[in-house]
Amino acid sequence: MTTELRRLRNYIDGEFRDAADGRTTQVVNPTTGEPYATAPLSGQADVDAAMAAAAAAFPAWRDLVPGERQKALLKIADAFEARAGDMVAVESENTGKPLALTASEEIPPMIDQIRFFAGAARMLEGRSAGEYMDGLTSIVRREPIGVCAQVAPWNYPMMMAVWKFAPALAAGNTVVLKPSDTTPASTVLIAEIIGEVLTELGHPRGVFNVICGDRETGRLMVEHSVPAMASITGSVRAGMQVAESASKDIKRVHLELGGKAPVVVFEDTDIAKAVEDISVAGFFNAGQDCTAATRVLVHESIHDEFVAALAKAAADTRTGAPDDEDVLYGPLNNANQLAQVSGFIERLPAHAKVEAGGHRVGEKGFFYAPTVVSGLKQEDEIIQKEVFGPVITVQPFTDEAQAVSFANGVEYALASSVWTRDHARAMRMSKALDFGCVWINTHIPLVAEMPHGGFKKSGYGKDLSAYGFEDYTRIKHVMTSLG
């Protein structure tokens, strides 16, 4: 008996549509490793249609008073809240994430973030008028950019969709959003919810559009003549390709790319508390987080004790099915990711030691054991490259200067943390660490009011906060003669 696959569709100009040429891809449930749905493999005609819809809707959406855009976003947040159960179920099938953790750790922040940007919509302003030359008054207008081509990743499909569309819509832009080809289901549900709200309020149908597809679909979006901005959350390679494609017609680009977060643990740290928090921050979401606490640097005087405690914490951490409330994380997202994580462990140098894990769990799905690796050197591949899996590495350091050197000695610069009871040391480290975020005695909390974004090959531009909101605006100077 063959189970019929669910049929996902694009959402363009207020309508659900198949790809114009009928092409589809299969969507696999990472818990089982089996396909459960098909999604459109969108091509040029689909991209053209979505961009035309967004462009047609832009003038009316742009010209709304901010309070009306705020009202729409607040209704979207309320609708997310009302449909939370549906969203959790779809996202869990989409990604294999635990149901309980998705409900508690993702839905509330998403709703809060939409409401934050609903408030930000009414703060769209430039500098006050002033005279900077005799007889002339200057004002600054802060305006929406236009149509935004947005590409979201597979590690947090729902939440990253929110990080994309909420500031863009709040600022008065219209959106064409592409989810990852491995996790389109929850984004299609989001399109249904947002579409219902926009229709109820009488807004243009093309304000928010979703097209499914692969890397080629994303390239077509970024290179399309309509969008004024391209925004992507993804790998460094994908970000470089987007920046190159966008350069052909000087599009604005917003990039949130990879990470290799250093976790610097000094000798005065409460080891038990640090291990507990770091293990959760490293293994949560199977380590598939650009800010995950997966590169630990520990002062040599407590290194062995810390490694032993962390290995025990890993052994006590469980991965498993979404409906098991005792698991911290589910499977890796796809077969390629399982192969990537396994490859890092298989290629470990002889001087490395696997303290815990280091193997696949079960034969069905893409589960990988919580893993701790010690004995590593700064130049080792697993230190320099992003694993994006439930693998925590540990290195010793001798003093503050070496800790900074090791921490900064990678091409990524998204997030970091410092663990110490010495306030002055924490302040010195927060200045010296070349990362977009520095947490002190914690790792991974995010709030809507504070910016998220990195330096170096982790990209540029900010998500969340007023800074993220401003990224979706442009500045216009208007000067008036008083004569």
[X] (side chain) donor-acceptor with [Y] (main chain) under 3.5 angstrom:
X: Lys456; Y: Val410; answer: yes
X: Ser342; Y: Ala339; answer: no
X: Arg62; Y: Asn173; answer: no
X: Asp214; Y: Thr217; answer: yes
X: Arg360; Y: Glu363; answer: yes

Side-chain donor-acceptor pair present, Glu91, Thr102, cut-off under 3.5 Å: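 Note: Glu91 and Thr102 side chains miss the donor-acceptor criterion.
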
Under a 3.5 Å cutoff, is there a donor and acceptor pairing between the side chains of Arg219 and Ser245?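 There is no such pair (donor and acceptor under 3.5 Å, judged by atom type) between the side chains of Arg219 and Ser245.
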
Are Arg115 and Asp112 ion-paired here, with the side-chain N under 4.0 Å from a carboxylate O?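 A salt bridge is absent here (no side-chain N lies under 4.0 Å from a carboxylate O).
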
Any carboxylate oxygen within less than 4.0 angstrom of a Lys/Arg side-chain nitrogen, looking at Lys260 and Glu411?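 Salt bridge: no.
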
Is the count of non-hydrogen atoms from other residues, nucleotides or ligands lying under 6.0 Å from Lys457 atom NZ greater than 12?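 No, NZ of Lys457 has 12 or fewer neighbouring heavy atoms, counting only those of other groups under 6.0 Å.
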
Mind running salt bridge (charged side-chain N to carboxylate O under 4.0 Å, His left out) on Arg9 and Glu15 for me, showing each step along the way? CA-CA 9 Å; Arg9 306 175 80 190; Glu15 298 176 347; over 6 Å; no

Quiz item: cation-pi between Arg83 and Phe80, 6.0 Å / 45°: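 No - Arg83 does not lie over the ring of Phe80 by the 6.0 Å and 45° rule.
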
Do the ring planes of Trp163 and His452 sit parallel (below 30°), tilted (30 to 60°) or perpendicular (above 60°)?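 Judged by the thresholds at 30° and 60°, the geometry between Trp163 and His452 is perpendicular.
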
